[in-house]
Number of protein chains: 2
Amino acid sequence: MNAACHHEDGAHHGLHGQALRLALTAAETRCAASQERLTLPRRRVLELLLEAHGPLKAYDLIAAFGSGGEPAKPPTVYRALDFLERQGFAHRIESLNAYVPCRLDGRGHSAAFLICDCCGAAEEFEPDLGAGIAAAAARGYAVSAVTLEARGLCPVCQVG
Amino acid sequence: MNAACHHEDGAHHGLHGQALRLALTAAETRCAASQERLTLPRRRVLELLLEAHGPLKAYDLIAAFGSGGEPAKPPTVYRALDFLERQGFAHRIESLNAYVPCRLDGRGHSAAFLICDCCGAAEEFEPDLGAGIAAAAARGYAVSAVTLEARGLCPVCQVG
DNA sequence: ACACGCATGTTATATAGTAACATCAAGCGC
DNA sequence: GCGCTTGATGTTACTATATAACATGCGTGT
């Protein structure tokens with residue numbers, strides 16, 4: 001987000017009402033299927049991520065956590081984020097120090113993002129890792145996870 | 001670097017003596033060619049990165065900055081790192097909050113790394129961005145920079 | 001000399017993340 | 001039910017990472 005940009009933050013509109021409840025229920029279901037528990041703080045953090053219009057910083061989550069404006073303690077949120085990342089419900093965007101809910105439920109555990117430097121939108125996409133994997137294999141590396149983050153301008157911000 | 005790992009840190013041996021001087025001179029030359037100045041703090045930070053055996057944290061650089069053990073002030077080092085990144089002399093590895101000198105002098109401004117979770121080595125390679133660029137283009141994004149970080153085990157640590 | 005632009009020095013503060021330990025709650029063998 | 005184990009949470013304190021804001025210095029062109 002640079003100073004010259006006048007566009008809105010975030011590409012996604014955030015979930016509300018029925019759509020939000022559906023997404024949370026789906027997460028509950030997936031947890032139940034894998035013997036994990038979507039406990040209250042975990043569910044609350046996921047809810048905040050799903051409602052948001054774009055990537056959220058950890059301390060945004062901490063501030064917004066309490067229903068009545070009381071912040072959470074940092075470990076509460078960081079633990080919830082760890083859990084959500086382990087289960088594939090959320091991703092950390094390294095180059096922003098921020099978090100987003102996974103928009104590609106379940107399909108693979110490597111995240112890739114297109115990040116708009118102007119409006120802050122972060123769009124997740126399914127990376128084609130063929131070339132990177134080949135490079136790793138050529139050097140004898142056993143790769144367990146890949147993060148790919150492309151910075152640039154989204155269509156809207158190129159026009160404006 | 002996990003607790004079970006007994007291997008040495010870093011894949012590179014770090015530059016010393018003549019090789020180090022050559023690398024610094026090359027950087028001076030490239031700066032002169034582009035009307036930039038490799039000033040003392042910038043040169044010192046680059047030197048520390050080149051000497052190192054692996055990725056260095058900003059506060060490692062801050063601590064090591066002074067020739068006699070006196071630390072630098074944080075802005076001194078962060079500003080130097082900004083400069084070195086702008087000029088392509090160094091890269092930040094987002095998933096480590098750490099910095100390395102560029103090992104692929106000048107060839108493009110997109111960094112890609114193979115990072116060993118066991119020994120901490122970070123090997124730079126030339127990414128094949130074809131697929132990512134295509135994905136971006138399909139969504140109308142204008143991409144200016146890409147970071148690709150693959151975590152896993154290097155050949156040595158797979159054996160050990 | 002003088003002003004301009006850029007780099008640096010300095011102080012203070014903001015932001016991000018974790019260690020360590022106490023407490024709580026669910027499942028399980030008996 | 002009882003007590004044990006395991007995993008999650010609550011709480012305090014702290015470490016690590018990074019930047020804002022403003023003063024000072026330094027080279028360059030006129």
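Labels below follow one simple rule: chain letters A, B, ... track the order of the sequence lines, proteins then strands, and each chain is numbered from 1. Small disclaimer: the values here were computed from a predicted structure and weren't measured.
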_Please determine whether a side-chain nitrogen or oxygen atom of A:Y78 lies at a distance below 4.0 Å from atom OP1 or OP2 of C:dG17._
yes
*Could you list all the salt bridge (charged side-chain N to carboxylate O under 4.0 Å, His left out) pairs where at least one residue sits in residues 47-60 of chain A, not counting sequence neighbours?*
A:R44-A:E47
Give each protein N/O atom lying under 3.5 Å from an N/O atom of nucleotides 4-8 of chain C, with the pair distance.
| unit_1 | atom_1 | unit_2 | atom_2 | d |
| --- | --- | --- | --- | --- |
| C:dA7 | O5' | B:R42 | NH2 | 3.1 |
| C:dT8 | OP1 | B:T39 | OG1 | 2.2 |

*Kindly say if B:R92 contacts the phosphate of D:dT17, meaning a side-chain N or O under 4.0 Å from OP1 or OP2.*
no
*Spacing of B:D60 atom CG relative to D:dA16 atom P, expressed in whole Å*: 10 Å
*asked:* With nearest nucleotide decided by heavy atoms, which residue, B:P75 or A:P75, maps closer to the 5′ end of DNA chain C?
replied: B:P75
*Tell me, which pairs form a side chain to side chain donor-acceptor pair (under 3.5 Å) where one or both residues lie in residues 92-102 of chain A, sequence neighbours left out?*
A:R92-A:E94, A:R92-A:N97, A:R92-A:Y99, A:S95-A:E149, A:S95-A:R151
*Nucleotide nearest A:K73 (side chain, heavy atoms from C-beta), chosen from C:dA16, D:dT19, D:dT12*: D:dT12
_If I take atom CG in residue B:D82 and atom P in nucleotide D:dA18, what distance separates them, rounded to the nearest angstrom?_
10 Å
*Quick one: A:L61 CG to C:dA16 P, roughly how many Å, whole number?*
11 Å
*For B:Q18, what residues pass the side-chain hydrogen bond (donor to acceptor under 3.5 Å, both in side chains) criterion, not counting sequence neighbours?*
B:R21
*Are A:R103 and A:E123 within salt-bridge range, i.e. N to O under 4.0 Å?*
no
*Answer with base, sugar-phosphate or nothing: what part of the nucleic acid does A:F65 contact at a heavy-atom distance below 4.0 Å?*
nothing
*How close or far is atom P of C:dA16 from atom CD of A:E94, stated in whole angstroms?*
13 Å
*Round to the nearest Å and state the distance from A:Y59 atom OH to C:dA14 atom P.*
13 Å
*OP1 or OP2 of D:dA16 sitting under 4.0 Å from any side-chain N/O of B:K57?*
no
*Out of D:dA18, D:dT12, C:dT10, which has the shortest distance to the side chain of B:P74?*
D:dA18
*May I have the distance from A:I62 (atom CD1) to C:dT18 (atom P), rounded to whole angstrom?*
11 Å
_Length of the line joining B:L56:CG and D:dT17:C1', which is rounded to integer Å_ = 15 Å
*According to a strict under-4.0 Å criterion, is B:Y99 in side-chain N/O contact with OP1 or OP2 of D:dA18?*
yes
*Which residues pass the side-chain hydrogen bond (donor to acceptor under 3.5 Å, both in side chains) test with A:T147, sequence neighbours left out?*
none
_Can you pull out every side chain to side chain donor-acceptor pair (under 3.5 Å) where at least one residue sits in residues 32-42 of chain A? Sequence neighbours excluded, please._
none
*asked:* What is the separation between atom CG on A:N97 and atom P on C:dT18, rounded to the nearest whole Å?
replied: 11 Å
*asked:* Working to the nearest 0.5 angstrom, can you tell me the gap between B:I133 CD1 and A:D128 CG?
replied: 12.5 Å
